[in-house]
Number of protein chains: 2
Amino acid sequence: MSDRRTQILDAAATLISERGFTSTSVDDVIKGAKLSGKSHFYHYFKSKEELGYEVLNRQFERFAERGLAILREPMIDPLERLNLFIDAVVALQSESGGRRGSPFGNLAAELADAHEGFRVRIEAVFERWASQIRSLLWEARPQLHDDVDAVRLSRFIIAALEGAVLMTRVKRDLSVLEGIAADLKRFIAMHVRDGAAMQLHRHLEDAGSLPHGIARNMSVSSVAG
Amino acid sequence: MSDRRTQILDAAATLISERGFTSTSVDDVIKGAKLSGKSHFYHYFKSKEELGYEVLNRQFERFAERGLAILREPMIDPLERLNLFIDAVVALQSESGGRRGSPFGNLAAELADAHEGFRVRIEAVFERWASQIRSLLWEARPQLHDDVDAVRLSRFIIAALEGAVLMTRVKRDLSVLEGIAADLKRFIAMHVRDGAAMQLHRHLEDAGSLPHGIARNMSVSSVAG
DNA sequence: TAAAATTAGGACCGTACGGTCCAATGCGCA
DNA sequence: TGCGCATTGGACCGTACGGTCCTAATTTTA
């Protein structure tokens with residue numbers, strides 16, 4: 001992959017995450033990537049659409065590096081990893097001051113109905129994400145209730161996070177995301193075997209500021225039960 | 001309010017909820033509302049922006065009629081109303097086959113960053129929505145734990161629903177929303193006083209098909225406790 | 001019946017968009 | 001030296017967009 005290509009992709013990713021795909025013109029991308037003109041751009045990408053697809057993949061890979069990688073850490077208790085992952089999403093959002101949304105959620109809302117090509121690709125991204133969480137839940141299954149539905153729970157986690165990011169953008173208030181993240185952790189804790197963690201959560205209203213706390217308690221409770 | 005105006009607003013609402021605001025042209029609206037030409041449109045609206053604002057308000061009012069009205073029903077137990085409301089959101093989404101998203105979430109994702117005028121108005125819509133849920137929770141406070149944070153819980157409910165609708169659109173699968181709705185009910189049940197409802201929820205995995213069930217049990221448990 | 005509001009229809013404008021084409025210039029590499 | 005790729009720069013095209021202006025017919029209302 002040439003230098004210029006990634007340069008263009010980076011510039012496009014920033015612009016698209018700020019203004020959306022439709023509202024980002026090829027000329028904007030050219031300016032952002034400091035290209036000489038359109039022919040320079042079309043030397044690397046055959047269309048704006050193709051650029052969009054590649055940006056989407058690239059965004060996922062970045063997200064995978066920073067967020068999803070946590071879900072795979074083999075040395076940490078799986079449920080603790082899940083909490084760390086939620087913290088990572090919050091942290092990622094903090095960097096843009098709550099202004100920029102999830103790069104997938106944005107595109108999803110903008111293009112899911114209008115553009116089938118994007119819809120399919122975004123669906124695939126969500127599926128890859130969900131499958132990461134599912135396999136983590138599978139790993140944590142000794143600690144969880146027998147009737148926990150990993151498919152449903154993974155979807156719930158993603159939906160809650162996407163919705164939280166959206167509301168955070170609208171309100172321009174990071175505390176919205178922080179609050180929902182903490183509640184989400186409590187919801188997950190609800191699925192942990194025996195009552196210990198379920199009673200516990202009420203003493204951990206400030207779970208957001210103690211991200212490691214809950215998960216450790218989860219492990220303890222599962223060992224106890 | 002003249003007949004034509006509402007006709008235009010209806011057509012615009014449909015188009016915008018299908019394609020988004022940016023991708024809906026004034027000419028599209030004119031075709032949709034069967035107007036004779038642009039001058040006819042601009043006779044009623046001074047700009048496309050103004051149209052958008054009014055559509056947003058109108059969408060909220062419709063949503064308020066069908067969905068939010070349930071939250072205010074004085075004769076039904078408040079927590080049961082909350083479950084009925086969640087069912088109503090699912091039903092609303094079913095009508096478009098899961099294709100059309102929440103009219104607010106769509107606009108929020110599309111315009112929150114790009115257009116301050118819309119952002120502020122969408123924020124106001126969410127706030128009105130959240131305040132309805134807050135006052136319901138206030139009404140239900142004898143049944144709830146003392147430490148329930150109504151502001152946070154109302155935000156969580158809205159975020160989860162918005163995220164669920166978004167994912168349903170992307171996957172084109174209504175069962176996603178149904179599953180998340182059921183989980184959301186369980187999350188709410190988690191805030192109910194004493195352990196009865198919390199143990200109960202595990203026997204009500206199919207809460208989605210028994211919307212009245214949980215809430216009735218909530219009332220019972222709160223009476224018992 | 002006259003004034004006022006609504007409907008109709010079209011020409012027009014400036015701008016922006018995605019995309020094409022072309023000609024010229026560097027540039028490294030065999 | 002020559003081949004091929006990267007870069008530069010700009011003209012150009014068709015289309016679509018939001019919005020204005022103007023005239024005339026039709027309907028409503030006082």
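For the numbers below, each heavy atom of this structure counts, side chains included, while hydrogens, waters and symmetry mates do not. In what follows, every chain begins at residue 1, and chains take the letters A, B, ... in the order their sequences are listed.
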Return each pair, listed once, that meets salt bridge (Lys or Arg N to Asp or Glu O under 4.0 Å) where at least one residue sits in residues 39-49 of chain B; pairs must be two or more places apart or across chains.
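Every candidate salt bridge (Lys or Arg N to Asp or Glu O under 4.0 Å) pair involving residues 39-49 of chain B fails, so no pair, neighbours aside, qualifies.
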For the pair made of [atom1] in [X] and [atom2] in [N], what is the distance, rounded to whole Å?
| X | N | atom1 | atom2 | result |
| --- | --- | --- | --- | --- |
| A/D3 | C/dC27 | CG | P | 16 Å |
| A/L35 | D/dT8 | CG | P | 8 Å |
| A/K34 | D/dT8 | NZ | P | 13 Å |
| A/I30 | D/dA6 | CD1 | P | 17 Å |
| A/R5 | D/dA6 | CZ | C1' | 14 Å |
| B/H40 | C/dA5 | NE2 | P | 15 Å |

Residues two or more places apart in sequence or in another chain: which of them pass side-chain contact (heavy atoms from CB on, under 4.5 Å) with A/R141?
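Per chain and number, A/R141 pairs via side-chain contact (heavy atoms from CB on, under 4.5 Å) with A/W138.
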Which residues pass the salt bridge (Lys or Arg N to Asp or Glu O under 4.0 Å) test with A/R128, not counting sequence neighbours?
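For A/R128 there are no salt bridge (Lys or Arg N to Asp or Glu O under 4.0 Å) partners, ignoring immediate neighbours.
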Any chance the rings of A/F156 and B/F187 have centres within less than 6.0 Å?
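No, the ring of A/F156 stays outside the 6.0 Å limit from the ring of B/F187, centre to centre.
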Taking only N and O in the side chain of B/R4, is any of them less than 4.0 Å away from OP1 or OP2 of C/dA8?
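It does, given that an N or O in the side chain of B/R4 lies less than 4.0 Å from OP1 or OP2 of C/dA8.
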Under the ring-ring contact (aromatic ring centres under 6.0 Å, His included) test, residues paired with A/F45 that sit two or more places apart:
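A/F41.
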Protein within reach of the bases, or only the backbone? For nucleotides 12-29 of chain D, mark each nucleotide 5' to 3' as B, S or -, using heavy atoms under 4.0 Å.
-----SBBBBB-------
Quick one: which residue pairs count as a side-chain hydrogen bond (donor to acceptor under 3.5 Å, both in side chains) with a foot in residues 154-167 of chain B, not counting sequence neighbours?
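Qualifying pairs: B/S102-B/E162.
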